[in-house]
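Take a look at the structure set out below.
By convention in this document, chain letters (A, B, ...) are assigned in the order of the sequence lines, proteins followed by strands, and residues within each chain are numbered from 1.
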There are 2 protein chains.
Amino acid sequence: MFSGRAAPRAAIYAGRVGDSGNRLDEREYQVWRAFHRMHDKLALALNQHLQQDAGISESDFQVLAALAEAPRHALRARELREELQWEKSRLAHQIRRMEQRGLVARDDCPEDGRAATVRITDVGLSTVRGAAQAHAARVRELFFDALTPAQLDAFDEAGAAVLERLRQRCPAEAP
Amino acid sequence: MFSGRAAPRAAIYAGRVGDSGNRLDEREYQVWRAFHRMHDKLALALNQHLQQDAGISESDFQVLAALAEAPRHALRARELREELQWEKSRLAHQIRRMEQRGLVARDDCPEDGRAATVRITDVGLSTVRGAAQAHAARVRELFFDALTPAQLDAFDEAGAAVLERLRQRCPAEAP
DNA sequence: TCCCGAAGGTTGATGCGTCAACCAGAATAC
DNA sequence: GTATTCTGGTTGACGCATCAACCTTCGGGA
């Protein structure tokens with residue numbers, strides 16, 4: 001398993017001391033740390049490859065991929081945000097940086113004076129097309145190919161349960 | 001499951017087009033996105049609570065927790081890095097910021113002129129003690145309590161498989 | 001002894017992500 | 001038809017993370 005590799009150190013965090021309930025037990029603590037490690041290492045590896053291959057980050061890639069799929073290679077910022085589930089300022093900053101590099105462009109929206117539409121440029125399009133296959137292959141290699149079908153199902157289910165919990169418990173955004 | 005909630009949009013990324021092999025299928029694509037979403041939302045929620053309760057970030061917490069567990073409430077930077085699996089510059093920056101806020105202190109190491117030892121201060125200690133229980137409770141609430149024992153096992157196994165794969169495939173660091 | 005390479009840390013630049021504050025246009029109330 | 005509120009988006013400040021370059025000290029050789 002994930003766990004059991006590191007020395008057991010969790011008195012504060014996982015606390016067996018005086019225990020006022022709901023702390024983590026040793027195994028949970030290990031699973032939790034390993035989960036973070038997995039995510040971080042995976043993200044790092046993918047980012048490095050993407051940067052190497054195409055000179056873009058995963059965030060760049062996500063934006064470009066969403067736009068490349070969009071009706072006229074453009075989306076209103078609102079839709080893009082919805083698609084990516086990002087905060088608005090995050091998107092604004094990201095788009096600004098990408099615009100500076102010529103990957104996307106911003107236009108005003110005729111129907112709504114407030115809105116902005118984001119459009120992928122030719123450069124952006126060829127960049128994402130060039131990167132997509134290698135990136136997908138990496139994700140497959142490092143993640144999906146490591147899992148048996150049963151593990152994939154289990155992972156999927158477990159993740160869904162957590163997401164559902166987050167939906168219930170966290171303020172998040174308006175309905 | 002995780003997947004199946006979003007509109008199927010993945011031609012570029014997951015590509016059924018011309019397919020040169022090893023792309024992601026629709027389900028894999030959805031699982032992948034959902035995995036990221038889960039991680040991001042979880043991390044966000046935990047960070048917000050920690051910030052609210054104790055005025056620290058998760059990174060701060062990890063450092064403080066490691067030091068609080070350590071023999072004399074101090075560790076050599078090298079050991080801390082090993083424990084957290086962080087890059088050295090990441091740790092250096094983090095420690096600098098925490099030192100400025102009075103959470104930790106840096107001392108020279110007598111045995112090795114190059115080394116630095118990081119020590120948790122009284123303030124740091126009471127901060128992390130104050131935060132630990134609520135934080136653990138949050139992790140339990142948002143993550144572990146969402147999972148059945150079987151799902152936890154599955155998650156653990158799947159994570160382990162991916163980590164193992166990463167260990168094999170990625171340069172990472174020297175032995 | 002001197003030189004050289006490896007190890008332990010630091011620094012600066014830059015991109016990423018959040019928060020809080022802000023602004024303009026649109027909808028709605030009255 | 002004006003005041004209020006809501007919505008869509010931007011900005012600035014700040015913390016976080018990586019990379020590349022650097023500095024010191026340690027440990028071995030030749």
*asked:* I'd like to know if Arg167(B) and Glu164(B) make a salt bridge, using a cut-off of under 4.0 Å between side-chain N and carboxylate O.
replied: yes

*asked:* Any N or O donor-acceptor pair under 3.5 Å from the base of dG12(D) to the side chain of His93(A)?
replied: yes

*Starting at atom CG of Asp107(B), determine the distance to atom C1' of dG9(C), rounded to an integer number of angstrom.*
15 Å

*Quick one: which of dT10(C), dG9(D), dC19(C) gets closest to the side chain of Arg78(A)?*
dG9(D)

*N/O donor-acceptor pair, side chain Arg114(B) with base dA7(C), under 3.5 angstrom*: yes

*Which part of the nucleic acid, if any, lies within reach of Asn47(B) when heavy atoms closer than 4.0 Å are counted: base, sugar-phosphate only, or nothing?*
nothing

_Minimum-distance nucleotide (side-chain atoms of Gln48(B) versus dT18(D), dA6(C), dC19(C))_ = dC19(C)

*Out of dG9(D), dG9(C), dC16(D), whichever nucleotide has its closest atom nearest the side chain of Arg97(B)*: dC16(D)

*From the list dT18(D), dG9(D), dC16(C), which nucleotide is the closest neighbour of the side chain of Leu44(A)?*
dT18(D)

*Going by an N to O cut-off under 4.0 Å, is there a salt bridge joining Asp153(B) and Arg27(A)?*
yes

_Phosphate OP1/OP2 of dT10(D) contacted by Arg106(A) side-chain N/O (<4.0 Å)_ = yes

*Base dC19(C) to side chain Ser89(A), donor-acceptor N/O within 3.5 Å cut-off*: yes

*Counting only side-chain N and O atoms of Ser57(A), is one of them less than 4.0 Å from OP1 or OP2 of dC16(C)?*
yes

*Should Arg78(B) and Glu83(B) count as an ion pair when the cut-off is N to O under 4.0 Å?*
no

*Quick one: label Ala115(B) by what it contacts on the DNA or RNA (base, sugar-phosphate, nothing), any heavy atom closer than 4.0 Å.*
sugar-phosphate

*Any idea which of dT10(C), dC19(D), dC16(C) is nearest the Glu87(B) side chain?*
dC19(D)

_For a quick check under 3.5 Å, do Asp156(B) and Gln30(A) share a side-chain donor-acceptor pair by atom type?_
no

